[in-house]
2 protein chains.
Amino acid sequence: MEDKHPLPGNAPLYKQIKKLIIGRIVDGTWSPGKRLPSETRLGQELGASQGTVRKALDDLVSENLLIRHQGRGTFVTTHTAQRELFHFFHLVDNDGIKQLPVYSQLIDCSRRRATRDEAGRLKLSARAFVIAITRVRHLNNNPVICETIILPATRFAGLEQNDDIPNELYGYYESTYGITIHKATERLRAVTASNVEVAAIGLPVGSPLLEIDRVAETLEGEPVEWRVSRCDTQAHSYLSEII
Amino acid sequence: MEDKHPLPGNAPLYKQIKKLIIGRIVDGTWSPGKRLPSETRLGQELGASQGTVRKALDDLVSENLLIRHQGRGTFVTTHTAQRELFHFFHLVDNDGIKQLPVYSQLIDCSRRRATRDEAGRLKLSARAFVIAITRVRHLNNNPVICETIILPATRFAGLEQNDDIPNELYGYYESTYGITIHKATERLRAVTASNVEVAAIGLPVGSPLLEIDRVAETLEGEPVEWRVSRCDTQAHSYLSEII
DNA sequence: GAGTGGTCTAGACCACAGA
DNA sequence: CTGTGGTCTAGACCACTCT
């Protein structure tokens, strides 16, 4: 078990095991949805007791990297609609009920050079290419969200030629491009709707919108998606639980 | 160890221990900031092994109820400014730097009967009394947040007579009223500034504001504060980390 | 040095899923 | 029935804090 800077050889065994497991997920040895070896087997292979392996797995479960099923095994997390809904989507209606958009109206999807802002957010070189998606998302049959998504073209080669982009993107990134979104940072502000948004969502001029500015990262902490969603919050609100 | 409905006698031992510890925190046996007995001592008292007690404590630490200090002991969490800042305050400036308001301008603080909405949010009877606080909070020497706070008068007796209400309320609730805020649910929307807010914060008429509607609860899940903060998000934004 | 939490082991039994 | 994770024990040693 050879480690560089991040984990010195004298780090606790369970942390070394965590790092090793993360490495195997990142390099694809254990891909999303796959079952890991049992706790006892892992312990034998790594020269650790079952209890120590268990401690490492416990941590990774609480970091949403793994999921356990009693009697079946321990699996690498996948982006199911469930996960998308409960983890990455925060708009609820006025009764507090969460509902994923079932319909998205694609406005544009094209490949072009990154703007300065886009390159900065995605840590790309100045003249790199990106794919830009613009769409209007519907909730309860009403247009509510006007969304622009920026992706690095090198990682998502050919995506702009797909004319059937699914509503639920993170599962699509995972299955088609092998890119797992693990973490996202959102910045929220109140803005005034632009003319485009007024038309797309059907609002009075000057209406306030909730802007959600999200950068999503892979397991390795690399930013791979920048998404700006502008939401009509008359019938919905953004739910944030502080526990 | 007698349990009613919530935890049948055949529940795992560590869950029974968790419940017992929570009970002792709620009833004040172990108040915020106090040290718990050591793991081995707790194990002896409860007839469990140190490992099982540890598992219960681990859970409670991850739920922010306890905090460990190696070599010193395990303590009940308190509302320090740190906790307030990192856990319950989410506005950051445009460089992503978080800064607690250092100055609040008190506009009003009075006792009156609850409106229908207020009674509903705080689960009070129809004609109960509340204390209403209105204040403007400053960030970087600028007025940014216009805030209204509603508290049940029975739990916060006499608070309206205090003319030196601190900026950092949750520590004050804890030390003065023995009320520990443990969880909060926030709903965010974009709204248009009212005339009052335009004047208080100094904005053009019709400016968009970010409205944060928060209900805060005790450990027992009882709502004890309803707070509506309307924020100018030109120089700040609400940070939400999704991990 | 005494007492605390932090790590690790080895082994036991239970609860659950699936062939 | 077998293999998996879930719970629990008893004991060991390390790392840290305080006196």
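Labels below follow one simple rule: chain letters A, B, ... track the order of the sequence lines, proteins then strands, and each chain is numbered from 1. What's counted below: heavy atoms across the whole structure, side chains too, no hydrogens, waters or symmetry copies.
- The residues A:Arg121 and A:Asp213 are annotated as salt-bridged, a charged nitrogen and a carboxylate oxygen being separated by less than 4.0 angstrom.
- Between A:Arg35 and B:Gly71, the residue anchored closer to the 5' end of DNA chain D is A:Arg35, taking for each the nucleotide with the nearest heavy atom.
- Of the candidate nucleotides C:dG6, D:dG5, C:dC8, C:dC8 has the atom lying nearest to any side-chain atom of A:Pro12.
- Remark: B:Arg68 is not in phosphate contact with C:dT4, judged by side-chain N or O atoms under 4.0 Å from OP1 or OP2.
- Atom CD of A:Gln50 is separated from atom P of C:dC13 by 15 Å (rounded to the nearest Å).
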From CA spacing to verdict: side-chain hydrogen bond (donor to acceptor under 3.5 Å, both in side chains), B:Ser104, B:Asn167: CA-CA 6 Å; B:Ser104 286; B:Asn167 218 313; 3.0 Å; yes
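- Atom-to-atom, CD of B:Gln70 to P of D:dC18 comes out at 12 Å; the value is rounded to the nearest Å.
- At D:dG5, one or more side-chain N or O atoms of A:Thr74 fall inside 4.0 Å of OP1 or OP2 (strictly under the cut-off).
- Between the CD atom of A:Glu39 and the C1' atom of C:dG11 there is a distance of 15 Å, rounded to whole Å.
- A salt bridge links A:Asp58 to A:Arg68: one of the charged nitrogens lies within less than 4.0 Å of a carboxylate oxygen.
- Distances shown here put a side-chain N or O of A:Arg54 below 4.0 Å from the OP1 or OP2 atom of D:dG6.
- Neither side chain, A:Thr78 nor A:Thr80, offers a donor N or O lying under 3.5 Å from an acceptor on the other.
- With rounding to whole Å, B:Leu66 atom CG is found 15 Å from C:dT4 atom C1'.
- OP1 or OP2 of D:dC18 has at least one side-chain nitrogen or oxygen of B:Arg72 nearer than 4.0 Å.
- The side chain of B:Ser49 approaches D:dA10 more closely than any other nucleotide in the set C:dT4, D:dA10, D:dT7.
- When the side-chain nitrogen and oxygen atoms of A:Thr52 are compared with OP1 and OP2 of C:dC8, none of them lie within a distance under 4.0 Å.
- In this structure, CG of B:Leu42 is placed 11 Å from P of C:dT4, rounded to the nearest angstrom.
- Residue B:Leu13 contributes atom CG, which lies 18 Å from atom P of C:dC13 at whole-angstrom precision.
- A straight line from NE2 of A:His69 to P of D:dG6 spans 10 Å, rounded to a whole angstrom.
- Remark: P of C:dG6 and CG of A:Asp59 are 13 Å apart, rounded to the nearest angstrom.
- A:Phe88 and A:His79 have tilted rings, their planes meeting at an angle from 30° to 60° on a 0 to 90° scale.
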